[in-house]
Asker: 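Before I ask anything, let me first share the structure, which is written out below as structure tokens.
In each ligand, atom 1 is the first atom listed, and ligand 1 is the first ligand listed. Keep in mind that the numbers below use all heavy atoms, side chains included, and drop hydrogens, waters and symmetry copies.
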Amino acid sequence: MTSETSEIRPAVVFDNVSKAFGSKQILRDISFAVPAGRALCILGRSGTGKSVTLKLLMSLIKPDHGKIWVEGDEITRLNEAGLSKVRRKMGFLFQDAALFDSLTLYENLALPLHRLTTKSQDEIDATIDNVLSQVGLAGDKQKMPVSLSGGMRKRAGLARALVLEPRILLADEPSSGLDRITAAEIDELLIRQKTQHQTTVMVVTHDVHGARSVGDLFAVFDKGSLAAFGAAAEVEQSENETARRLISEY
Ligand SMILES: Nc1ncnc2c1ncn2[C@@H]1O[C@H](COP(=O)(O)OP(=O)(O)OP(=O)(O)O)[C@@H](O)[C@H]1O
Ligand SMILES: [Mg+2]
């Protein structure tokens, strides 16, 4: 947190974070930092605490030990009012997209804009049209979530994560279950978000090919620990075999 230049100022810091559920230790002394405007891809086998890590960052769950900072705010010390302010900076695409099934796609996007911004109705409509065209769903805004395909749901979830113009975008398996071309389109979108809007991006993914096109940095979780962290070339040289296997494409 003492960095002089804004370019390398960390947007997110985990400092010795641990989390258990009951007697099961999920994360143990996790420490890493994501510089602002960079993309981190989180890799790891199923059940290693990747989704838990994003949920800790959103303060949907609390760590047992350790500190978490978001853009200089230590969120592990904030009260609910402080937390809502920090959450407002983050867009979260949940693993299951988490759309409101009784609302149309348009209404799903309009809800946070009505609740959390002072935009006029015309501005809200323009924002929604803009974000839906970014994710390729411009013609689908009156559809109900149930009538969307899996790939469309993912893109709708991403649109909802983007609609408040977050400074930090968290995406939990944004391209899982999608064909290669649609997955690549989602990856493009994440890259564009980072390069055009300087958004800090954190993506959990099992798709190493996509991860390597999106990520500047990689974190590999293994058995509750951070097994490797760094650029692809560094993770390839990791002492941890799982990390080396997960980062290699073939
Ligand atoms: N709210 C919770 N209560 C109890 N256990 C939980 C809770 N959330 C997660 N867990 C457990 O924590 C572990 C890690 O879960 P997490 O969802 O982070 O895995 P993951 O790495 O995202 O896996 P996947 O790749 O399958 O999505 C799992 O064993 C899970 O059952
Ligand atoms: Mg998960």
Asker: For ligand 1, is K24 a contact, meaning one of its heavy atoms is under 4.0 Å away?
Answerer: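 Yes, K24 has a heavy atom closer than 4.0 Å to ligand 1.
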
Asker: With distance as the sole criterion, is a donor-acceptor pair present between the side chains of K154 and S176 under 3.5 Å?
Answerer: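 Side-chain D/A pair, K154 to S176: present.
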
Asker: May I ask you to list the atoms of ligand 1 that are less than 4.0 angstrom from any heavy atom of H206?
Answerer: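 Near H206, meaning under 4.0 Å from one of its heavy atoms, ligand 1 has 25 (O).
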
Asker: Does the distance from a Lys or Arg side-chain N to an Asp or Glu carboxylate O, for R167 and E71, drop under 4.0 Å?
Answerer: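 Salt bridge: yes.
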
Asker: Quick test: of every protein heavy atom, which one is nearest to atom 1 (N) of ligand 1, and how far off is it to 0.1 Å?
Answerer: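 Minimum-distance protein heavy atom for atom 1 (N) of ligand 1 reads F21 CE2, 3.7 Å.
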
Asker: Identify the closest protein heavy atom to atom 26 (O) of ligand 1: which residue and atom is it, and at what distance?
Answerer: S46 OG, 2.5 Å

Asker: Who's the nearest protein heavy-atom neighbour of atom 27 (O) of ligand 1, and how far?
Answerer: Q95 NE2, 3.0 Å

Asker: Does ligand 1 have any atom sitting under 4.0 Å from a heavy atom of G47?
Answerer: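 A heavy atom of G47 does come that close to ligand 1.
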
Asker: I'd like to check atom 31 (O) of ligand 1 in this structure: does the protein have a heavy atom lying under 4.0 Å from it?
Answerer: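 It does not; no protein heavy atom is within 4.0 Å.
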
Asker: Out of A20, G44, S51, who gets a non-hydrogen atom closest to atom 22 (O) of ligand 1?
Answerer: S51

Asker: Look at atom 18 (O) of ligand 1 and say which protein heavy atom is nearest, naming residue and atom and giving the distance to 0.1 Å.
Answerer: V52 N, 2.9 Å

Asker: Is S51 close enough that one of its N/O/S atoms sits under 2.8 Å from the Mg ion (ligand 2)?
Answerer: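 Yes, within the cut-off.
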
Asker: Do L190 and P174 have side chains that get closer than 4.5 Å, going by heavy atoms?
Answerer: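 Heavy-atom side-chain distance check passes, below 4.5 Å.
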
Asker: Among protein heavy atoms, which sits nearest to atom 25 (O) of ligand 1, and what does the distance come to when rounded to 0.1 Å?
Answerer: K50 NZ, 2.8 Å

Asker: Got an N/O contact under 3.5 Å between I26 and ligand 1?
Answerer: no

Asker: Assess, by modelled atom type and distance only, whether the side chains of T205 and E173 contain a donor and an acceptor separated by less than 3.5 Å.
Answerer: no

Asker: Is E236 salt-bridged to R245, cutoff N-O under 4.0 Å?
Answerer: no

Asker: Inspect the surroundings of NZ in K67 and state if more than 12 heavy atoms from other residues, nucleotides or ligands are less than 6.0 Å away.
Answerer: no

Asker: Decide, yes or no, whether a salt bridge links K194 with D216 under the criterion of side-chain N to carboxylate O below 4.0 Å.
Answerer: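 Answer for the salt bridge query: yes.
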
Asker: When you check the gap from the basic side-chain N to the acidic O, do D73 and K85 get nearer than 4.0 Å?
Answerer: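 A salt bridge is absent here (no side-chain N lies under 4.0 Å from a carboxylate O).
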
Asker: Just wondering, do L40 and V201 contact through their side chains at under 4.5 Å, heavy atoms?
Answerer: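 No; the side chains remain at least 4.5 Å from each other.
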
Asker: In terms of atom number and element, which parts of ligand 1 are under 4.0 angstrom from non-hydrogen atoms of T48?
Answerer: 19 (O), 21 (O)

